[in-house]
Structure formats: C-alpha cells, structure tokens
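To find a chain, count down the sequence lines: A is the first, B the second, and so on, and within it residues start at 1.
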Protein chains: 2
Amino acid sequence: MKVIVNKLLFRFPTNMATTETTQKLFQQFEPELLKKIQQVGLVRKFKTDEYLMQTGQQIRSAVLVLDGVVKVFREDDEGNEVFMYNLHPGEACAISMTCAARQLSSQIMAKALVDTEVLVIPVELMDEWALKYRSWYQFVLETYRARFEELLDTLDHIAFRNLDERLLWYLKQHQKSLKSNFIKTSFTDIALELNSSREVISRLMKKLAEKGHVKLHKNEVEILHLKM
Amino acid sequence: MKVIVNKLLFRFPTNMATTETTQKLFQQFEPELLKKIQQVGLVRKFKTDEYLMQTGQQIRSAVLVLDGVVKVFREDDEGNEVFMYNLHPGEACAISMTCAARQLSSQIMAKALVDTEVLVIPVELMDEWALKYRSWYQFVLETYRARFEELLDTLDHIAFRNLDERLLWYLKQHQKSLKSNFIKTSFTDIALELNSSREVISRLMKKLAEKGHVKLHKNEVEILHLKM
DNA sequence: TCCCCCATGTGATGCTTATCACGCCAGAAG
DNA sequence: CTTCTGGCGTGATAAGCATCACATGGGGGA
C-alpha cells in the first residue's frame with residue numbers, strides 16, 4: 001500500500017475522536033471488520049471547496065465520508081456540469097468503489113462543500129473484505145442502491161420539473177446537507193449547477209422571495225419555509 | 001427455494017442450447033459457479049412487450065438476460081416515463097440485484113422489447129455466491145458500474161441535448177439493441193419515451209428524413225445513416 | 001478618494017418545445 | 001360502401017428559458 005504522507009493524512013488511530021465517530025457511523029460492521037478499518041483506514045481532511053477527485057484521475061481507494069458534505073458531479077466535454085448527489089457522514093461514493101475495483105479512471109468530480117473528513121480504504125482491501133465480511137459486501141451493495149436511487153431522483157427532476165421547482169429542490173438539498181438556512185453560493189454558481197443562467201436564477205429567486213419562501217440578503221439567501 | 005412452474009419456466013438443463021449460450025455469455029465465471037448456475041438457474045421466457053417487472057412488485061431474484069432485449073425504466077406519480085437503459089444478453093439489472101438483496105420493492109418497470117429469455121437466480125444464492133466466488137462478486141460490481149454509467153449517459157442527454165439529438169440517440173439505441181434498421185414503434189410511443197409529444201416527433205422525423213438520416217415508411221421508420 | 005470588480009436586477013428578443021385544433025389517410029368492422 | 005379508429009402532418013399560439021445589453025451598488029485596493 002502506497003502511503004501518501006502529508007499533514008492532512010493520518011493513520012486512523014491517531015485521532016481518538018474519529019475512531020468513536022466511525023464506530024457510531026458504521027455500526028453495521030462486524031467488530032473485527034471495524035477494527036481492521038481502524039487499522040488500515042487513512043483519515044484525510046479537505047477544506048471547503050477543495051476537490052477530493054477530478055476528472056480523469058485514477059481512483060485507487062474507496063472513500064467513506066466521516067464528517068462534512070461531499071458534492072459528487074460530472075462535467076462533460078463542453079463544461080456542462082451534472083449534479084449527481086451529495087455524500088454525508090456514513091455514506092460512500094459508489095462510483096469510486098467500482099472504479100477503484102476495476103482500476104479505471106472516472107469522469108467524476110468530487111468537491112467538499114464544507115470542511116470535510118473522509119476515510120480512505122485501499123482498493124485491495126475492498127475486494128478482500130467483500131469476500132470475507134458479509135457486512136462489508138452489504139455495505140457496498142447498499143451504497144450502490146442508495147446512489148442509484150439518488151441519481152434517479154436527480155434524473156426525475158431534470159426531466160420533469162421546471163426550473164422553479166428545481167431551484168426549490170436545490171435550496172432544500174442545501175438546507176438538509178449543510179444543516180443551515182443560509183446559502184452563500186452566488187447566483188452564478190447556482191445557475192451553473194442547475195444548468196441555467198444567472199439572470200434566470202435572479203428572477204426566480206425574486207419570485208420565491210415574493211412568495212415568502214426565501215429572504216434575499218447581501219450575498220446570501222435565507223431559507224424561510226420551503227413547503228414541499 | 002420456491003419454484004413456480006409454468007410452461008415458460010424451466011430448470012436450466014432442460015435446454016441444451018441455452019446451456020451453451022450461457023457458457024458463451026458468462027465465460028468470466030469459474031467453472032464451478034457456472035455449473036451451479038446451470039443447476040439452480042431458472043430460464044424464463046417473455047414475449048415482445050410482456051412485462052418482466054412492474055412498479056411496486058417485490059423482487060426476489062436476480063435476472064440475467066440470455067437472449068433478447070429488456071427495457072428498464074421508471075414511471076413517476078404523474079405517469080411520466082423515465083428511460084433508464086436496455087439490457088442485452090450477458091447483462092443484468094443492477095436494481096433488481098440490490099432490491100433482491102434487501103428484499104425491497106422497486107419503482108422499476110422492465111419490459112421485453114423483443115422475445116426474450118432470462119435466467120433467474122434466487123436471491124439467497126446471490127449473496128452466498130458473492131462471498132464465495134470472486135467472479136460473481138466482480139460481476140455484480142461490474143453490473144452496477146455499467147448500469148450507473150448508462151444512467152449517467154441518459155442523464156447527460158436529457159440535461160444537455162435538444163430533442164433532435166435525443167431522437168437520433170433513441171434511434172441509434174434501437175438500431176443497436178434490436179440489430180435492425182427498421183423501427184415499428186409509433187411516434188406516439190417514441191414521444192412518450194422521450195417525454196415529448198407526437199407532433200414534435202413528427203416534425204423532427206421529417207427533418208431527419210430531409211437530411212437523409214432516415215426514411216419514413218408506413219408505420220415504420222427506416223434508419224439510413226446516423227452519422228454520430 | 002477614485003476606480004474597478006463582482007454580484008445582482010431588469011428589459012428585449014428569439015429559440016425550443018408543448019399544446020390545441022384541425023385535416024388526411026388506411027385498414028378494420030359493420 | 002360507410003363508419004370508425006388509430007397513426008400521422010401541419011399551422012397557430014404560448015410558455016419556459018437562454019442570451020444580450022445595460023444598469024446599479026457595494027467593497028476593496030491603489
């Protein structure tokens with residue numbers, strides 16, 4: 001196993017609080033597996049807006065989120081962005097798992113939405129564990145199922161909802177993921193994520209404000225009630 | 001294992017040709033696993049347009065396609081249809097696998113596009129094999145990865161392509177899946193799949209015909225060249 | 001202080017697509 | 001033959017959204 005050493009990378013046991021967090025987040029694992037995870041897992045920290053992964057990068061490990069939020073999305077040739085899903089503590093990225101398993105590079109980007117802590121599991125162990133621990137196999141499957149469902153949800157919205165509903169959905173997701181009613185993302189960036197344009201978002205925000213769903217502050221949107 | 005007996009359901013070895021097909025399609029499996037598949041797998045046949053699976057149905061088995069084409073899609077509350085992907089011989093449905101594994105009902109519909117033959121593996125064995133045979137575990141993972149990629153591809157098209165390009169894409173998929181240059185699907189049904197309307201498809205088809213990509217016959221579209 | 005940049009607000013305009021309203025034709029059924 | 005039905009063609013109209021053009025206003029740096 002190649003160990004990249006920098007100040008953001010630790011052997012798991014170096015952080016006692018994290019060990020406890022892991023035990024809480026991954027209760028479903030057999031004690032033996034949990035112990036192994038703690039022995040070989042590497043904790044890696046990312047600051048807000050840092051990239052965990054970028055297009056074309058080879059993936060050599062599975063990533064489990066311990067703390068924070070990771071936005072997973074794709075970018076096509078023309079720079080269009082496709083939001084896929086956000087990952088929260090206790091969750092893992094499905095794509096990273098198979099790409100890791102098959103040593104493929106991916107077309108995926110992953111970015112920390114807030115300061116984030118993840119647990120990195122080398123690819124060789126992933127496979128080994130899948131054959132050895134039922135709970136790990138189940139976890140991998142469940143990860144797939146959940147991401148798949150989320151992707152389908154995203155698909156539904158893009159296919160059938162108008163921009164105003166999608167904007168509401170976006171706001172709701174931020175509220176849930178970041179556990180905050182204040183969104184500091186610029187309209188330009190929101191437009192990018194929804195594949196729209198700044199002007200349109202501006203107009204729609206105004207409508208939402210008129211309806212009392214949000215309140216617009218300087219460089220910030222406050223979510224009031226998102227009836228849904 | 002509960003065995004449903006009808007004329008469309010056979011113990012695997014009853015059909016020697018199918019046994020050979022399976023060996024060809026699933027070369028990656030260890031001989032021992034292949035043998036087991038042939039012992040316990042059930043062959044089930046579906047006629048064109050028959051449903052393999054409908055919304056809300058409990059899934060109790062994994063489905064591997066032996067012959068034909070299976071269209072997998074979702075329908076939302078308002079009757080909107082979301083195309084997900086087509087399954088071809090040697091492929092399996094990812095959704096059915098985890099839903100089976102977790103005994104969940106799904107929101108998925110699956111329909112035979114032509115006369116189709118599938119192999120049904122009871123859910124208990126799926127899990128057992130995953131822990132026992134590396135090749136089966138890899139197959140499950142690869143199935144997920146592939147379906148995931150296809151879903152992303154669909155997402156890209158819906159999000160960024162105009163209807164004319166999506167129609168071309170649709171035609172190309174049919175050509176590939178059904179290995180035929182003739183499409184008998186009515187414009188109304190194509191419109192349903194692309195979440196558009198008959199009139200629009202009609203106009204776009206005319207454009208494609210003018211450009212020489214297709215030729216319109218009575219109740220049938222002939223694909224000429226789909227430059228892409 | 002002045003200037004510039006960045007985020008935002010807003011009107012005008014045009015493209016893509018949905019929808020409505022018809023008309024046409026062919027094959028099936030009476 | 002007549003009627004009915006289902007698939008298709010086509011114009012008119014409008015909604016949703018992108019894009020362009022330009023304005024405003026605040027904060028930071030020279």
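- As rounded to whole Å, 12 Å separates atom C1' of C/dT8 from atom CD1 of A/I190.
- A donor-acceptor pair is defined here as one N or O able to donate and one able to accept, closer than 3.5 Å; no such pair exists between the side chain of B/T154 and the backbone of B/L152.
- For the pair A/H217 NE2 and C/dA7 P, the computed distance is 19 Å after rounding to whole Å.
- Classification of B/K71 and B/E81 as a salt-bridged pair holds, one side-chain N sitting under 4.0 Å from a carboxylate O.
- At whole-Å resolution of the value, NZ in A/K184 and C1' in C/dT8 are 18 Å apart.
- The CG-P distance, from B/L192 to C/dA18, rounds to 12 Å in whole Å.
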Encode nucleotides 6-19 of chain D as B, S and - characters from 5' to 3', where the letter depends on protein heavy atoms closer than 4.0 Å: B to the base, S only to sugar-phosphate, - to neither.
-SBBBBB----SBB
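- Ion pairing between a basic and an acidic side chain is recognised when a charged N comes within 4.0 Å of a carboxylate O; B/R147 and B/E150 show such pairing.
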With a 3.5 Å cut-off and sequence neighbours excluded, list the donor-acceptor pairs that the side chains of residues 215-222 of chain B form with protein atoms.
residue, atom, partner, partner atom, Å
B/H217, NE2, B/E222, OE1, 2.7
B/E220, OE2, B/K184, NZ, 3.2

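- Among residues two or more places apart in sequence or in another chain, the side chain to side chain donor-acceptor pair (under 3.5 Å) test is passed with B/S202 by none.
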Evaluate side chain to side chain contact (heavy atoms under 4.5 Å, CB included) for B/F26 paired with B/I37, printing each intermediate quantity in order.
CA-CA 10 Å; B/F26 301 106; B/I37 288 178; 5.6 Å; no
